[in-house]
Protein chains: 2
Amino acid sequence: MSPKTKPSEGRVGALSKERIVSSAIDILNSDGESALTFRALARRLSTGSGAIYWHLADKDALLAAATESVLSRVMAEVAGAPAPAGALRAIALSVFDTIETHPWVGTQLAREPWQPAMVEVFERCSAQFAAMGVSGDSIFPCVSAFVQYLIGAAAQTAAAARHRFRASDRPAILGTIVEQWTQRDPAEYPFVHLLAGQVRHHDEREVFLAGLDLILAGAKAAL
Amino acid sequence: MSPKTKPSEGRVGALSKERIVSSAIDILNSDGESALTFRALARRLSTGSGAIYWHLADKDALLAAATESVLSRVMAEVAGAPAPAGALRAIALSVFDTIETHPWVGTQLAREPWQPAMVEVFERCSAQFAAMGVSGDSIFPCVSAFVQYLIGAAAQTAAAARHRFRASDRPAILGTIVEQWTQRDPAEYPFVHLLAGQVRHHDEREVFLAGLDLILAGAKAAL
DNA sequence: ACCTGAACACCGTTCAAGT
DNA sequence: ACCTGAACACCGTTCAAGT
């Protein structure tokens with residue numbers, strides 16, 4: 001608003017943590033995780049690669065900031081559902097959907113589960129479990145299981161997206177994995193063969209939700 | 001047994017996939033994930049770094065082989081517990097314990113959830129869910145939730161071990177994270193503050209088991 | 001205070017050359 | 001068939017030098 005409050009504020013192209021993180025997010029979204037290098041980022045920002053280090057400690061800090069930027073915005077948008085179980089579902093689904101559109105967030109969550117952005121998730125989920133009637137001592141195990149499941153799904157979704165990225169031919173994505181599995185002896189691995197057929201035609205989101213409901217049902221049963 | 005069946009079998013120091021993978025596991029266990037480089041591995045095997053590529057496609061293949069080696073041995077040792085729920089607990093705990101002693105396995109599982117070694121887990125867990133009375137169509141969502149939770153725990157344990165690796169001073173490990181969390185406004189994040197106290201004195205293994213029982217209870221309730 | 005960009009210390013991977 | 005090791009094409013990070 002008021003100009004010249006800070007010496008750098010006037011310059012249009014001035015570097016800042018926000019601009020760096022925003023550019024990093026653009027690269028991650030459009031070209032994938034492997035495309036984010038300090039050289040590529042510096043080139044996009046028309047600056048030297050060393051300049052980034054004035055605003056961010058290292059690449060880990062950059063990735064953490066990018067994750068927080070995306071995730072905190074998403075968490076702010078989650079509509080408050082009436083029932084606690086509905087709200088928990090809404091929170092989990094919004095994180096799940098974010099990772100499906102931004103797989104690098106899933107990779108980051110799997111590598112660094114105690115991301116600052118996760119504080120928001122912990123807080124909101126705890127409140128919902130409390131509203132469900134879970135007692136003070138039992139909230140932590142419930143939230144822990146909830147978040148653990150979320151991170152597991154994040155890891156899986158991110159891994160699937162990475163495979164999709166290099167093999168552009170659709171059937172090869174999940175096909176080769178299922179194929180490898182079914183190559184095992186059917187007598188020794190009967191269930192793997194049974195499951196292989198179901199894996200092909202399942203909806204990731206639906207299965208994720210089904211698993212989530214298992215946890216919620218378990219929490220309810222333990223009341 | 002019979003000598004000279006293969007020309008290379010006689011030589012003591014001869015390179016092989018098994019020897020390479022075994023050395024890689026030694027490095028990972030003793031010096032951590034970052035210590036495993038092709039140069040360090042070649043040095044330990046008294047060979048050139050290029051020689052490894054004759055036996056394994058690339059570093060991903062090496063890590064996959066190392067993971068399978070450790071995990072398949074563990075799965076073979078899981079004692080068959082009488083009740084299905086007990087067997088599921090035993091399988092999950094043996095994987096959990098493996099990751100606590102070999103954190104790099106957790107990292108690998110989080111990055112590549114469809115590791116060949118996981119086939120064993122899928123097969124055995126499906127059999128147990130079936131024994132619990134879960135119908136054919138419901139086995140996949142149940143196993144999926146089970147494995148997703150396992151992978152989430154693996155990611156979290158591996159991340160904790162990575163932090164422990166660089167900061168040798170104990171309180172700093174989880175302390176700094178909890179500290180960061182409690183720095184948020186208590187009015188805005190009441191549950192995070194409540195949880196922070198519980199996080200400090202909890203037993204990882206116990207919380208893991210509690211979360212697992214939530215899923216098992218949910219599966220039972222859905223029968 | 002903030003930025004530049006060459007330089008450093010690494011990586012995984014390849015490949016001509018050896019045995 | 002199997003191994004060697006220099007070379008290639010990258011990385012993240014540092015830091016003297018600039019403005």
Could you tell me how far apart [X] ([atom1]) and [N] ([atom2]) are, to the nearest whole angstrom?
X: B:Lys17; N: D:dA1; atom1: NZ; atom2: P; value: 19 Å
X: A:Ile52; N: C:dG5; atom1: CD1; atom2: P; value: 13 Å
X: B:Arg19; N: D:dC2; atom1: CZ; atom2: P; value: 15 Å

Sequence neighbours left out, what passes ring pair (Phe, Tyr, Trp, His ring centres under 6.0 Å) with B:Tyr149? Give chain and number order.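 B:Phe208.
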Taking side chain as C-beta onward, heavy atoms only, is A:Ile151 less than 4.5 Å from B:Ile151?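 Not touching, per the 4.5 Å side-chain cut-off.
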Between A:Val147 and A:Cys125, is any pair of side-chain heavy atoms under 4.5 Å apart?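 No, their side chains stay 4.5 Å or more apart.
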Its dot-bracket string being built from Watson-Crick and G-U pairs below 3.5 Å, with | for another strand and [ ] for crossing, DNA chain C has the pattern ||.|||||...|||||.||
Other residues, nucleotides, ligands: >12 heavy atoms within 6.0 Å of A:Arg43 CZ: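 No, because the 6.0 Å sphere around CZ of A:Arg43 holds 12 heavy atoms or fewer from other groups.
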Between B:Glu120 and B:Met75, which heavy-atom pair has the shortest distance, and what is it?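 The answer is CG-CB, 3.9 Å.
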Mind listing the closest non-hydrogen atom pair of B:Arg19 and B:Ala14 along with its distance?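 Shortest heavy-atom separation between B:Arg19 and B:Ala14 comes out as NH1-O, 3.0 Å.
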Just by protein heavy atoms under 4.0 Å, how would nucleotides 12-19 of chain D read 5' to 3' in B, S and -? BBB-----
Stepwise side chain to side chain donor-acceptor pair (under 3.5 Å) check, A:Glu33 with A:Thr107: CA-CA 9 Å; A:Glu33 298 168 29; A:Thr107 304; 2.8 Å; yes
For D:dC3, does OP1 or OP2 lie under 4.0 Å from any side-chain N or O of B:Trp54?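 The answer is no; no side-chain N or O of B:Trp54 sits under 4.0 Å from OP1 or OP2.
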Give the ring-plane orientation class for B:Phe38 versus B:Tyr53, where under 30° counts as parallel, over 60° as perpendicular and anything between as tilted.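 Rings of B:Phe38 and B:Tyr53: parallel, under 30°.
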